[in-house]
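Just so you know, these numbers come straight off a predicted model, no measurement behind them. Per chain, numbering begins at 1; letters A, B, ... match sequence-line order.
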Amino acid sequence: MTDPAALSRVLLGWYDRHARALPWRVPPGDDRRPDPYRIWLSEVMLQQTTVAAVKDYFHKFTTRWPTVGALAAADDADVMAAWAGLGYYARARNLLKCARVVTDDHDGRFPEDVAGLRALPGIGPYTSAAIAAIAFDRAETVVDGNVERVVARLHDIHTPLPAAKPELTAHAADLTPNERPGDHAQAMMDLGATICTPRNPACGICPWREPCMARARGTAALLPRKTPKKPKPVRHGHLYVGRVPEDGWLLETRPAQGLLGGMLGFPGTDWTESPAQPTPPLPGAWQQLPGEVRHTFTHFHLRLTIWVADLDAAAADTAAEGTAGLHIAPKLSPAALPTVMRKAYDLAAPVWSQRSRDPLAD
DNA sequence: CATTCGTGGGA
DNA sequence: TTCCCAAGAAT
């Protein structure tokens, strides 16, 4: 059974019985069409992100912004704050750009073809095919990490990624049916997520256990091969958590480009491999906290020294005006911070709650 | 083609 | 502790 049509038929049969229930999914057999806005939003959130991590954010976004038009009208800072903690913040910036293009230039409706979708901010080869297939039932081929793994095993392909990508894509395209292409795409990803997993694949209950070449040769768990990744260097920096009476905080909105771009955070030094000199963002009685904040990004480990100070409101306000993005916020919701900044908050905040219990402490 | 860009959970 | 990785896109 290596006929692609037969393979897809078997896969769809499995999907009809085992499709995962997901907040953005219309179950197989349900005649309703998915809402393209919800499919787009979920696919962007799911880029390099687990279903478990996405669920609460998806609910929060669709409740607060039920339509693409509502999202397009949102304030940038509100969307960035709502995305805080999910990571890859360029996605949130592009999400807003895309919502505004769709609203302003496409009459509030998403393009239904891959080319039109692909032209939108934050929508690449994977996401354009996913939206076209799932939301509009186009016979497009979706290739994500799951599909790469499933196809590499089905055909026992040992070429390492990313060099193997074209070959894997060709095989995936061969499997794509003209009937129910959206369900086929989701079935491929469900199979990879629940059966054909990276480690300990459950080959014994796989609907493709018979045709799978890697299972026959005992190589499934070794695939797909990947070129080794470079080690992560350690970077160091200083971060300054300043408080202003009564409930104010010294914060910065980071530049729109680069790491944590557009996100709220505490000011500090650059993060470099050789430890930098402490350099406060403005004058004050800065005190170094014991310990440090450790955080790992995609391509480096970070160790931050945290400094705290009580600042004079008027002086801080004046001084902050001299630096782009720096400002005094009347209050702070830690949930609006990216995780590395929330770690700094968690380390620094007890300093003041301790002082309020014991005013004589200094 | 290589690099940049987050985070949390699991082995 | 450390490593891997998860429905990738932009440059």
Would you kindly give the [atom1]-to-[atom2] distance between [X] and [N], to the nearest whole Å?
| X | N | atom1 | atom2 | value |
| --- | --- | --- | --- | --- |
| A:D346 | B:dG8 | CG | C1' | 15 Å |
| A:R38 | C:dA7 | CZ | C1' | 16 Å |
| A:N200 | C:dC5 | CG | P | 13 Å |
| A:K232 | C:dC5 | NZ | C1' | 10 Å |
| A:K226 | C:dG8 | NZ | C1' | 12 Å |
| A:D190 | C:dA6 | CG | C1' | 14 Å |
| A:R303 | C:dT1 | CZ | C1' | 12 Å |
| A:L260 | B:dC5 | CG | P | 9 Å |

Run the salt-bridge test on [X] and [Y] with the 4.0 Å N-O cut-off and return the result as yes or no.
| X | Y | result |
| --- | --- | --- |
| A:D156 | A:R215 | no |
| A:D247 | A:K331 | no |
| A:R38 | A:D35 | no |

Counting only distance, no hydrogens or angles, is the base of [N] paired donor-acceptor with the side chain of [X] under 3.5 Å?
| X | N | value |
| --- | --- | --- |
| A:T49 | B:dG6 | yes |
| A:T50 | B:dG8 | no |
| A:R91 | C:dA6 | no |

For the [atom1] atoms, the ones on [N] and on [M], what distance do you get once it is rounded to whole angstrom?
| N | M | atom1 | result |
| --- | --- | --- | --- |
| B:dT4 | C:dA7 | P | 24 Å |
| B:dG8 | C:dA9 | P | 22 Å |
| C:dA6 | B:dC5 | P | 22 Å |

- Message: Do A:R254 and A:W271 form a cation-pi contact, if we require the NZ or CZ to be under 6.0 Å from the six-membered ring centre and within 45 degrees of the ring's axis?
- Response: yes
Closest to the 5' end of DNA chain B, once A:R199 and A:K230 are matched to their nearest nucleotides, is A:K230
Can a side chain N or O of [X] be found less than 4.0 Å away from OP1 or OP2 on [N]?
| X | N | answer |
| --- | --- | --- |
| A:T339 | B:dG8 | yes |
| A:Q48 | C:dA6 | no |
| A:R149 | C:dA6 | yes |
| A:Y89 | B:dT7 | yes |
| A:H295 | B:dT7 | yes |

Taking only the side-chain heavy atoms of [X] (C-beta and beyond), determine which of [options] contains the nearest atom.
| X | options | answer |
| --- | --- | --- |
| A:D144 | B:dT3, C:dG8, C:dA6 | C:dG8 |
| A:Q47 | B:dC5, C:dG8, C:dA6 | C:dG8 |
| A:H299 | C:dC4, B:dT4, B:dT7 | B:dT4 |
| A:R342 | B:dG8, C:dA7, C:dC4 | B:dG8 |

Base, sugar-phosphate, or nothing for [X], non-hydrogen atoms under 4.0 angstrom?
| X | value |
| --- | --- |
| A:G85 | sugar-phosphate |
| A:W83 | nothing |
| A:G261 | nothing |

Using 30° and 60° as the class boundaries, would you call the ring planes of A:Y240 and A:W286 parallel, tilted or perpendicular? perpendicular
Tell me which of A:R294 and A:Q257 sits closer to the 5' end of DNA chain C, going by the nucleotide each one is nearest to.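 Of the two residues, A:R294 wins.
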Subject >> Nearest-nucleotide comparison on DNA chain C, the residue closer to the 5′ end among A:N94 and A:R20 >> reply: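 The 5'-side residue here is A:R20.
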Determine, stepwise, if the pair A:D190 / A:R25 fulfils salt bridge (Lys or Arg N to Asp or Glu O under 4.0 Å). CA-CA 12 Å; A:D190 271 20; A:R25 173 174 288 175; 2.8 Å; yes
Practice task
Report the C-alpha separation of A:M189 and A:V142 in whole Å, then their side-chain angles, then the decisive distance to 0.1 Å, and conclude whether the side-chain contact (heavy atoms from CB on, under 4.5 Å) test is met.
Solution key: CA-CA 9 Å; A:M189 295 187 283; A:V142 168; 4.1 Å; yes
Query raised in the report: In residues 116-133 of chain A, which residues come under 4.0 Å of DNA chain C by heavy atom?
Result: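 Per residue number, the list reads A:R118, A:P121, A:G122, A:I123, A:G124, A:P125, A:Y126, A:T127.
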| query | Taking it one step at a time, do A:Q47 and A:Y126 satisfy side-chain hydrogen bond (donor to acceptor under 3.5 Å, both in side chains)? | reply | CA-CA 9 Å; A:Q47 290 167 3; A:Y126 164 78; over 6 Å; no
*Given A:F110, which of A:W40, A:Y37, A:F136 fulfils the ring-ring contact (aromatic ring centres under 6.0 Å, His included) condition?*
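Filter result, single survivor: A:W40.
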